[in-house]
Amino acid sequence: MHTDNREHFRRETKELPETFALKGIILDAPSPEKLRIWEEGYVICEKGICKGVYETIPQKYEGIFCIDYGDSLIIPGITDLHLHAPQFSFRGTGMDLELLDWLDQVTFPQEARYEDEEFAKEAYSLFVQEMKKSATARACIFATLHVPATMILTDLLEESGLKVFVGKVNMDRNSPETLCEKSAGQSLSSTRRWLEETEKRNYKNVRPILTPRFIPSCTDELMEGLAQIQREYSLPMQSHLSENPGEIEWVKDLRPDAEFYGQAYEKSGMFGKNCPTIMAHGVYCSFEEEELIKRNGVYLAHCPQSNRDLASGIAPAARYLREGMRVGIGTDVAGGSSLNMLRAMGDAIGMSKLYWRLLDEKIKPLSVTEAFYMATRGGGSFFGNVGSFEQEFEMDAVVLDDSSIPSPLRLSPKERLERFMYLGEERNVRAKYVNGKEIKRYE
Ligand code: GUN
Ligand code: FE
């Protein structure tokens, strides 16, 4: 059972056998409209792969190792589709500023500190410890422009067992001297050095992703050079898009050749087509921008807490999802202060209600199932067959225990899932599995 004194009850995580079952109340959302529930189910894992959910263990698997989680909920692993590891250290501060002032006054000076490897070690260790304990199984992470600090981060993440994409950030303009690469050439050669180093370390859990910070930070020459590297190495990319009105105006000035923000990325050949791409935010996409995102299969990382706390605005995430756009959820730490992806689902619903009330009454708010889908299968699909308990999907699972959130009611599994979106904390995460490996378990 859960206890506040949990470190005391912590059981050493053991190597599990190759084949095992988890028993409990199982839920997943293979599509935005479909919530599947097994009131008493067994999800089976073989060599890291999900072999389906059953009401009784099939004959083929009789006698396999089974962990009985009783009344706890078992859901697919959650994907945090967008966050900044170096910003974990100052989360919850500077939150009275809006995006561009927050970047200048708080974020850039703080990220400059990662020049110092001792500081990076300390800060990134704390970040990775918290990620391990959270409900997040997979994540797409920004580091800083510093190669040594980025290697410290990737070593720690590899060790954690989480599956992640990590990007060394590129920025060669409009940034303070302490956090600005000297030229496009220097930024590109650092990027190559980082990629070679990453390749050498032969990581199993960490993969590189190109990370130009956003158009205001990257010269055209840098974007072109990155696109060249993208083609050479067949890399994915992540960046920011149409987050804030001031930012969008700035991009118009910086890139008069582009008809809209997203086209600046597309012109460099990094916007979905032949380059798996995640764009954070998309609060203010124009019609043409939305069409291009859909056509090219660009992922949008919807970051509701960040959009509120940096006064960015309210993204039409519900409409995007219903129009078939690929949408996941990100915490955007430290634009969002919390790593908690359970709460991020509730925040996504909350922001979609404001959108409906204040901006467009035709767009009904996100349902619980839609928010659950976005945080699991929606973002997970960036990693492949990830984010539900369908056959042959990678076996990521999170076990949620709500005994610390008492209620006199007899709640249904769906109601219990919904409560985690509003009341869930790290202490409710009883166990976590990623690709069949046990990352965490409390008795
Ligand atoms: N745009 C460019 N950099 C950042 C960042 O660090 N956070 C957010 N939210 N937006 C950005
Ligand atoms: Fe961000």
Side-chain angles (χ1 to χ4, degrees), residues 79-114 123 127 139-146 150 153 164-176 179-181 209-219 222-223 237-251 254-255 261-262 264-265 277-284 299-315 328-339 341 344 347 351 379:
T79 292
D80 188 337
L81 204 56
H82 177 76
L83 78 163
H84 301 256
Q87 299 178 12
F88 180 75
S89 60
F90 64 88
R91 70 199 186 286
T93 68
M95 290 280 91
D96 50 358
L97 300 171
E98 69 114 51
L99 176 70
L100 297 176
D101 293 334
W102 173 79
L103 287 174
D104 276 343
Q105 294 172 34
V106 183
T107 305
F108 290 165
Q110 283 293 341
E111 286 197 13
R113 301 185 62 177
Y114 288 77
F127 166 71
C140 297
I141 301 174
F142 281 50
T144 61
L145 56 78
H146 312 95
T150 302
L153 174 64
V164 293
F165 283 100
V166 177
K168 169 224 163 324
V169 169
N170 296 95
M171 42 201 300
D172 72 337
R173 69 170 171 189
N174 295 320
S175 317
L179 191 74
C180 192
E181 294 169 302
I209 181 166
L210 288 179
T211 306
R213 181 169 209 121
F214 66 159
I215 293 292
S217 305
C218 301
T219 58
L222 174 55
M223 292 303 287
M237 83 83 99
Q238 58 182 356
S239 194
H240 295 92
L241 179 72
S242 298
E243 176 176 6
N244 163 296
E247 172 214 24
I248 294 166
E249 284 307 306
W250 198 12
V251 171
L254 290 166
R255 292 293 301 263
Y261 195 157
Y265 292 113
T277 297
I278 301 168
M279 287 288 148
H281 308 298
V283 178
Y284 301 101
Y299 279 75
L300 268 195
H302 174 48
C303 305
Q305 196 180 88
S306 168
N307 291 166
R308 183 193 68 196
D309 289 341
L310 294 177
S312 297
I314 314 172
I329 299 180
T331 59
D332 194 25
V333 160
S337 301
S338 170
L339 278 182
M341 279 294 295
D347 290 338
M351 288 296 265

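Just follow the structure's listing: the first ligand is 1, and inside any ligand the first atom is 1. Index from 1, following the sequence. As the structure is a computational prediction, the values presented were derived from the model and not from experiment.
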A.B. asks: What closest approach, in Å, do C140 and I278 show between heavy atoms, and which atom pair accounts for it?
C.D. replies: SG-CD1, 3.4 Å

A.B. asks: Under a 4.0 Å heavy-atom limit, does F108 contact ligand 1 with its side chain, its backbone, both, or neither?
C.D. replies: neither

A.B. asks: Checking contacts here: is it the side chain or the backbone of Q87 that comes within 4.0 Å of ligand 1, counting heavy atoms only? Could be both or neither.
C.D. replies: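 Q87 to ligand 1: side-chain contact only, backbone stays beyond 4.0 Å.
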
A.B. asks: Taking the non-hydrogen atoms of H281, is any one of them nearer than 4.0 angstrom to ligand 1?
C.D. replies: yes

A.B. asks: Pull out every atom of ligand 1 sitting under 4.0 Å from any heavy atom of L103, numbered as shown with elements.
C.D. replies: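 By the 4.0 Å cutoff, the relevant atoms are 2 (C), 3 (N), 4 (C), 5 (C), 6 (O).
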
A.B. asks: For P212 versus C218, what's the shortest heavy-atom pair and its separation?
C.D. replies: CB-SG, 3.7 Å

A.B. asks: Counting non-hydrogen protein atoms only, what is the nearest one to atom 10 (N) of ligand 1? Give residue, atom name and distance.
C.D. replies: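 Ranked first by proximity to atom 10 (N) of ligand 1 is E243 OE1, 2.8 Å.
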
A.B. asks: Regarding ligand 1, does R213 bring an N or O atom to under 3.5 Å of one of the ligand's N or O atoms?
C.D. replies: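 N/O-N/O distance under 3.5 Å: yes.
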
A.B. asks: Number the atoms of ligand 1 from 1 as they appear, then name those within less than 4.0 Å of a heavy atom of D332, with their elements.
C.D. replies: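 So the answer, numbered in order with elements, is 8 (C), 9 (N).
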
A.B. asks: Mind listing the protein N/O/S atoms less than 2.8 Å away from the Fe ion (ligand 2)? Waters don't count.
C.D. replies: H82 NE2, H84 NE2, H240 NE2, D332 OD1

A.B. asks: Just by distance, with hydrogens left out, do N174 and S217 show a side-chain donor and acceptor under 3.5 Å apart?
C.D. replies: no

A.B. asks: Got a sec, which residues hit salt bridge (Lys or Arg N to Asp or Glu O under 4.0 Å) with E111, two or more places apart in sequence or on another chain?
C.D. replies: R213

A.B. asks: Between the side chains of H302 and H82, is a donor N or O closer than 3.5 angstrom to an acceptor N or O?
C.D. replies: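 Result is no, nothing qualifies.
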
A.B. asks: Say whether F142 and ligand 1 are in contact under the criterion: heavy-atom distance to a ligand atom below 4.0 Å.
C.D. replies: no

A.B. asks: Measure the spacing between CG of L254 and OG1 of T219 and express it to the nearest 0.5 Å.
C.D. replies: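 These two atoms lie 11.0 Å from each other.
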
A.B. asks: Taking it one step at a time, do T277 and Y299 satisfy side-chain hydrogen bond (donor to acceptor under 3.5 Å, both in side chains)?
C.D. replies: CA-CA 6 Å; T277 297; Y299 279 75; over 6 Å; no

A.B. asks: First locate atom OH of Y261, then atom CE of M279, and finally report the distance between them rounded to the nearest 0.5 Å.
C.D. replies: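 The distance works out to 8.0 Å.
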
A.B. asks: Under a plain distance cut-off of 3.5 Å, with no hydrogens placed, do E98 and N244 share a side-chain donor-acceptor pair?
C.D. replies: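 N244 vs E98: donor-acceptor pair found between side chains.
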
A.B. asks: In terms of side-chain geometry, is the basic nitrogen of R173 or E181 positioned less than 4.0 Å from the acidic oxygen of its partner?
C.D. replies: no

